Structures are given as C-alpha cells and as structure tokens.
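Right, one structure below, let's go through it.
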2 protein chains.
Amino acid sequence: MAARLDRTDLKILRLLQNNGRLSNADLAETVAISPATCHRRTQRLFEDGFIAAVRAMVAPKKVAKGTLVMVGVVLDRSTPESFAIFEQAIAKLKFVLDCHLVAGDFDYFLKIRVGDMEDFNRIHGEQLIALPGVRQTRTFFVMKEVVDNAPLEF
Amino acid sequence: MAARLDRTDLKILRLLQNNGRLSNADLAETVAISPATCHRRTQRLFEDGFIAAVRAMVAPKKVAKGTLVMVGVVLDRSTPESFAIFEQAIAKLKFVLDCHLVAGDFDYFLKIRVGDMEDFNRIHGEQLIALPGVRQTRTFFVMKEVVDNAPLEF
DNA sequence: CCATTCATGGAAGTTTCTTTCATGGCTGCC
DNA sequence: GGCAGCCATGAAAGAAACTTCCATGAATGG
C-alpha cells in the first residue's frame, strides 16, 4: 500500500504536511532533486491519494470556536438501520469535527467545536439529543487542549 | 477578536481551508479583488494568526496508520503537578493526535493512530499504562470513521 | 544481450508572485 | 463644510516559479 513510496516521497509528504504552501522550487531543493522531478513526484502523491487535501488550519479562537467538547453517545438500538440513520443526521451538523463509531460503553464519540458553553448548551438541547435514536449522551468539556490535531507520524 | 475580518477575509479563509494550495491568482479571481490586494489580505491572515498553518492531510491508510483508537485516562491523583508531568510525557508520543484534559469521568481523552490492533496492544502495554500517574485507561476502538477532522465552520 | 519501460534533469515558454506606486475613499479634527 | 492624514486598492513590471517537452541513462524482463 505504501510500498511504492521511496525515501524521497516520504520526505515530500512530511514537508508538505508541515507546510502545505511550500513552493515546488523550495521542496525540490530541500529533497535534493530537480524541480521537474519534484513536481511530478508531488503530483503523483496527490493523484494516488496519499495527500487527501491541503488545508489551512484556521485558529479556532480567532473565529469564535474556542470551546471544545467531547460527547459520548448511546443509541436506543444497536441495529445497522439505527446506526445509518444517526450517521446520516450527524453529517449535517457542521460543528461536529469528529464522529466515530466505537466499541465499548458508547456507540459514538463526537468532537465538537462551539463558541462557548452557552453555545453548547443550546446545541445540545436543540440538536444533539434530538438526533434520531439517541438514548443518552455524556458530555466531557475540554478544559485544556494539550495536543489538538497533531500531524501524523509515519 | 474576529472583528477585523470582513466578508472578503472570511471568503479567503474558507477557500484556503478547503484548498490550501490555491494560487493567489485563483484566490483573487474567486473573491473578486486584484491579485495584489488578495496577496496582502492573505499575508495578513497569516501574520495575525488566523491561519495557524497549512497542512497536507496525509491519508492514514496509505501510510499504515489506518487504525484509530480513543482512550480515556484516569490519573492517580488530580493535582496540578500530576497533570503537568502527564502532559509533558504525552507530548513525546507521536502517535497521539489529540490529548485533552476534560471534566467528567476521565481526566484525559486521547485520540491515537496506529497501524493495527496488534500495534495498539503493544503501545498500550509498553507506553500508555507506563505513563506517569496513570491509574486506569479505557480503550474505545474505532470501528468506523464517520467524520474525521472535518473543516471548521465559521 | 537486447529491447522496453521508466524516472530523471535541463531548457524554455508561460504563468504567477511580489513589490512599487499613484489614486481614491474614509476618518477625525478643525 | 473643508482639510489633512491614513489606509486600502488596483495597475504595472521585474523577478521568480510553474509546467511541459525532450533527450539521456538506469533498471527490468525476456
């Protein structure tokens, strides 16, 4: 799967992960290949899906999304239909950053960003517990973001 | 805080969040301003910290990090020193994508990426439960990633 | 050993970047 | 109302980077 990546490809991936706006010229110089080759390599990494996207990481606090909340969700029934309906509904909620089906005491774990606690209380009451099939939610307010969305090591 | 952002700035932020490699020329055309102005706007967004970084999102499955695990952690003692030591130690573990201090039944929530369950079991035994002050961990294997690291809405 | 395939770097035309500069709008103070 | 200062804007131009084409050489397979 990753077998087709040589040392140069890995370098490019890591550099672009740290700085997605690196110019092809700089990239080429850093990995010690010609700009033409570097361009082709990078293009291939995109085409083959190694790089899913390049994203500007907007600072949450700067856009009034400084409050992070983790929510555990338990559904009424553990049927495939129940899961599918829930997942379909959650995909429309733009404040949900993560939604993962897990094994354990919960069915789903959510990671949510809002402006403040008041924001969350409104959203919780109006949108979360109103999701189809939700029996129970458990809210974990994040008091300190020690590590948030660290770059992938590979 | 976000008061200094006008409609054009917000457009630029959203466009760069969706595609961090958009050229300044394309960006300028889309938001209907001149390339020169667009360049200055974008530069300011970086300088003022609205864009913390631009990152290539590497596909986890493509680099043998396809297994996602959420872990709840409880420490022996809930003292500031205990927390500080734990956080210092966790920052060195590169497979930890998120680490958040939360209010509730756990002290910390971790989001971890590994190659497979076997990988995780080794890491759990050798590194997680060995972290300073850890009393208990609860592991939630992710069976399906419904939404992972969605772009921020603002 | 030969033929094929593939990745590579140089070169060149095109595009883009980035700075400079003059213009015009806005604000605040007479 | 009028004026001065400040700031953002777009045009322009030189510099830099992108992207494609091409010939070369290494690696693979028969």
Side-chain angles (χ1 to χ4, degrees), chain A residues 1-66 151-154, chain B residues 1-66 151-154:
Chain A
M1 187 176 285
R4 314 214 51 164
L5 294 182
D6 62 12
R7 189 158 309 180
T8 300
D9 290 321
L10 290 175
K11 274 190 199 171
I12 292 174
L13 274 182
R14 294 195 181 104
L15 286 165
L16 285 179
Q17 191 180 37
N18 284 329
N19 181 3
R21 275 184 97 73
L22 261 184
S23 75
N24 183 62
D26 289 345
L27 203 53
E29 191 183 347
T30 307
V31 303
I33 56 178
S34 74
T37 296
C38 188
H39 182 261
R40 272 187 305 262
R41 292 273 196 151
T42 305
Q43 199 167 262
R44 201 170 64 93
L45 290 174
F46 277 92
E47 286 168 358
D48 293 354
F50 289 95
I51 299 176
V54 178
R55 286 231 214 102
M57 312 299 285
V58 177
K61 288 180 191 168
K62 291 281 197 171
V63 292
K65 297 288 173 186
L152 195 57
E153 278 283 317
F154 53 92
Chain B
M1 188 176 285
R4 313 215 52 163
L5 294 183
D6 63 10
R7 189 158 311 178
T8 300
D9 289 321
L10 290 176
K11 273 190 199 170
I12 292 174
L13 273 182
R14 293 194 181 105
L15 285 166
L16 285 181
Q17 192 179 36
N18 284 329
N19 181 3
R21 275 184 96 74
L22 260 184
S23 76
N24 183 63
D26 289 346
L27 202 54
E29 191 183 348
T30 306
V31 303
I33 56 178
S34 74
T37 296
C38 187
H39 182 260
R40 271 187 305 262
R41 293 271 195 151
T42 305
Q43 202 166 23
R44 202 171 63 92
L45 291 174
F46 277 91
E47 285 169 0
D48 293 354
F50 289 95
I51 299 176
V54 178
R55 284 230 214 104
M57 313 298 286
V58 177
K61 288 179 192 168
K62 291 281 197 169
V63 292
K65 296 288 173 185
L152 195 55
E153 278 282 317
F154 53 91

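Here is the naming used below: chain letters follow the sequence lines, and residue numbers restart at 1 for every chain. From a predicted model like this one, the values you see are computed outputs, not experimental measurements.
Side-chain contact between B:Leu152 and B:Gln17 is present, with at least one heavy-atom pair separated by less than 4.5 Å. Under the 4.5 Å side-chain criterion, counting only non-hydrogen atoms from C-beta, B:Leu16 is not in contact with A:Val58.
Taking every heavy atom of both residues into account, A:Ala59 and B:Gly49 meet most closely at CB-O, 3.3 Å. Residues B:Ile51 and A:Ala56 share a closest heavy-atom pair of CG2-CB, 3.9 Å.
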Derivation and outcome, side-chain contact (heavy atoms from CB on, under 4.5 Å), residues B:Asn19 and B:Leu15: CA-CA 6 Å; B:Asn19 181 3; B:Leu15 285 166; over 6 Å; no

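B:Arg44 comes within 4.0 angstrom of no nucleic acid atom, judged by non-hydrogen atoms across all strands.
Sorted by first then second residue, the salt bridge (Lys or Arg N to Asp or Glu O under 4.0 Å) pairs that include residues 21-38 of chain A, not counting sequence neighbours, number zero. A salt bridge (Lys or Arg N to Asp or Glu O under 4.0 Å) check over residues 46-58 of chain B, counting only residues at least two apart or in different chains, returns the pairs B:Arg44-B:Asp48.
Checking each of A:Leu22, A:Leu13, A:Leu27, A:Thr37 against A:Thr42 for a side-chain contact (heavy atoms from CB on, under 4.5 Å) leaves exactly one that passes, namely A:Leu27.
Within residues 8-19 of chain B, no residue is approached by DNA chain D to less than 4.0 Å at the level of any non-hydrogen atom.
From the 5' end on, the contacts that DNA chain C makes with chain A at under 4.0 Å to a non-hydrogen atom open and close at C:dT8 to C:dG10.
Annotation: cation-pi pair A:Lys62/B:Phe50 present, NZ/CZ under 6.0 Å from the ring centroid and within 45° of its normal.
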B/S/- contact track for nucleotides 10-21 of chain D, protein heavy atom under 4.0 Å: BB-----SSSBB

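For A:Arg41, the salt bridge (charged side-chain N to carboxylate O under 4.0 Å, His left out) criterion is met by A:Asp6, A:Asp9, not counting sequence neighbours.
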